[in-house]
Amino acid sequence: MKNNLIYNFFTDDDLLRISDKIKEMEDITSGEIRVSVKEHRKLLQRKKSVHELALAEFIRLKMHETRDKTGILIIILLEERKFHILADEGINEKVPDNTWDDISNEMQTEFQKGLFSEGIILGVEKVGKILQVHFPIKADDTNELSNKVEF
């Protein structure tokens, strides 16, 4: 069955809660937050770093095409128990790199307790609050990208 491993980590309700948190955070910022969950790497991806995989997913999801370059991706590799936060250049010009490391560490603490959806929701909320400071919602803001968890 496709996406079988995903259901060892998340219920449908968990995935809905993550999507709802993305929408909630995007209501306070002009940034665009995406979460992508992968069961495992494809054969041609085996030698790539998690950062390189995140870059490829960022482009595949067209996150680099947001109006103000304010897309941010949280990618999760379930089989390897790895994840990465990748922000577009508009965000990186204003937010120090170690900010994402700090959020990653907090997410990792939740993951180590087996609280996978809670860890992602925490990450989305922390990212959203940082984006709110640097990229508050604009009067003409539109939701440029889906809030659904990507598989």
Side-chain angles (χ1 to χ4, degrees), residues 2-3 5-7 9-42 44-45 48-80 82-108 110-111 115-151:
K2 192 175 186 225
N3 294 335
L5 184 61
I6 286 170
Y7 290 105
F9 291 85
F10 307 103
T11 65
D12 286 334
D13 284 346
D14 291 334
L15 298 173
L16 183 60
R17 286 177 37 232
I18 294 166
S19 293
D20 287 348
K21 181 55 77 172
I22 292 169
K23 181 186 180 325
E24 179 187 331
M25 291 297 102
E26 287 187 358
D27 284 346
I28 61 171
T29 177
S30 59
E32 291 288 331
I33 304 166
R34 294 293 317 259
V35 173
S36 180
V37 178
K38 303 292 178 196
E39 290 189 353
H40 49 78
R41 295 174 192 243
K42 293 179 180 157
L44 295 175
Q45 299 172 331
K48 294 185 184 284
S49 69
V50 179
H51 178 78
E52 289 170 320
L53 292 175
L55 277 171
E57 185 72 350
F58 198 89
I59 291 166
R60 188 183 78 78
L61 296 174
K62 300 189 181 323
M63 296 185 69
H64 61 296
E65 295 178 8
T66 60
R67 179 177 66 179
D68 298 320
K69 302 291 184 204
T70 54
I72 188 159
L73 172 67
I74 300 173
I75 187 170
I76 317 275
L77 299 173
L78 293 177
E79 195 173 69
E80 297 174 47
K82 293 181 179 178
F83 68 100
H84 188 70
I85 301 173
L86 181 68
D88 206 344
E89 60 192 37
I91 296 171
N92 287 333
E93 287 171 2
K94 295 186 176 187
V95 180
D97 283 343
N98 66 337
T99 303
W100 314 128
D101 295 335
D102 293 343
I103 293 172
S104 292
N105 291 336
E106 291 183 56
M107 290 173 66
Q108 185 68 38
E110 295 301 304
F111 294 160
L115 303 173
F116 300 103
S117 63
E118 291 83 350
I120 294 172
I121 288 168
L122 173 76
V124 168
E125 187 166 359
K126 298 265 181 186
V127 163
K129 292 197 171 171
I130 289 165
L131 292 179
Q132 179 187 22
V133 170
H134 298 283
F135 306 96
I137 193 84
K138 296 177 177 178
D140 66 343
D141 188 68
T142 58
N143 188 14
E144 297 178 76
L145 301 171
S146 171
N147 296 336
K148 288 184 179 176
V149 177
E150 180 71 24
F151 301 107

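Counting heavy atoms from C-beta on, the side chains of D88 and M63 never come closer than 4.5 Å. Annotation: side chain of V37 is not in contact with side chain of F9 (no heavy-atom distance under 4.5 Å). Under the 4.5 Å side-chain criterion, counting only non-hydrogen atoms from C-beta, V95 is in contact with I130. Between L86 and L55, some side-chain heavy-atom pair lies under the 4.5 Å cut-off.
Considering CD of E89 and NZ of K69, their distance stands at 6.0 Å, rounded to 0.5 Å. Separation of atoms CD1 (I91) and CG (D97) is listed at 11.5 Å; rounding is to 0.5 Å. With rounding to the nearest 0.5 Å, the separation of CD1 in I121 from CE in M107 is 10.5 Å. One finds the CD1 atom of I75 at 5.5 Å from the CG atom of L77 (value rounded to the nearest 0.5 Å). Atom CZ of residue R67 and atom CD of residue E65 lie 14.5 Å apart, to the nearest 0.5 angstrom. A distance of 11.5 Å separates CZ of F151 from CG of L5, quoted to the nearest 0.5 Å.
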So V149 and I18, side-chain contact (heavy atoms from CB on, under 4.5 Å) or not? Walk me through it. CA-CA 7 Å; V149 177; I18 294 166; 3.6 Å; yes
Between F116 and L78, does a side-chain contact (heavy atoms from CB on, under 4.5 Å) hold up when you go through it step by step? CA-CA 10 Å; F116 300 103; L78 293 177; 5.9 Å; no
Yes or no on side-chain contact (heavy atoms from CB on, under 4.5 Å) for E32 and L131, after CA distance, side-chain angles and deciding distance? CA-CA 9 Å; E32 291 288 331; L131 292 179; over 6 Å; no
Go through it in stages, so that I can follow the logic: the residues are I85 and L73, the test is side-chain contact (heavy atoms from CB on, under 4.5 Å), and I'd like the CA-CA distance, side-chain angles, deciding distance and then a yes or no. CA-CA 6 Å; I85 301 173; L73 172 67; over 6 Å; no
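At distances below 3.5 Å, at least one donor-acceptor pair connects side-chain atoms of S104 with backbone N or O atoms of W100. Not one N or O on the side chain of T142 forms a donor-acceptor pair closer than 3.5 Å with the backbone of E144. E125 contributes no side-chain N or O that, together with a main-chain N or O of L122, makes up a donor-acceptor pair within less than 3.5 Å. In this structure, the side chain of S19 engages the main chain of L15 through a donor-acceptor pair within 3.5 Å. Side chain of N92 to backbone of A87: a donor-acceptor contact under 3.5 angstrom is found. No donor-acceptor distance shorter than 3.5 angstrom exists from the side chain of T29 to the backbone of E26, with no hydrogens or angles considered. Side-chain N or O atoms of N105 include one that pairs as donor or acceptor with a backbone N or O of D101 at under 3.5 Å. Although no hydrogens or angles enter the test, the distance criterion places no donor-acceptor pair under 3.5 Å between the side chain of E118 and the main chain of E110.
Nearest heavy atoms, M25 versus I33: CB-CD1, 3.8 Å. Taking every heavy atom of both residues into account, A54 and H84 meet most closely at CB-CD2, 3.7 Å. Taking all atoms of both residues into account, the shortest heavy-atom contact from I22 to N147 is CD1-O, 3.4 Å. Contact between K94 and F135 at its shortest, heavy atoms only, is CD-CZ, 3.8 Å. The shortest non-hydrogen separation linking G71 to T66 is N-OG1, 3.7 Å. The heavy-atom pair separating S36 from K38 by the smallest distance is OG-CE, 3.5 Å.
We find that E57 and R60 are joined by a salt bridge, their nearest charged nitrogen and carboxylate oxygen being less than 4.0 Å apart. Here E150 pairs with R34 in a salt bridge; the nearest charged N to carboxylate O distance falls below 4.0 Å. Using a cutoff of 4.0 Å between basic side-chain nitrogens and carboxylate oxygens, R41 and E80 are scored as salt-bridged. With salt bridges taken as basic N to acidic carboxylate O contacts below 4.0 Å, one links R17 and D14.
The aromatic rings of H64 and F58 sit tilted, their planes meeting at an angle between 30° and 60°.
The salt bridge (Lys or Arg N to Asp or Glu O under 4.0 Å) check on E106 picks up K126, with sequence neighbours excluded.
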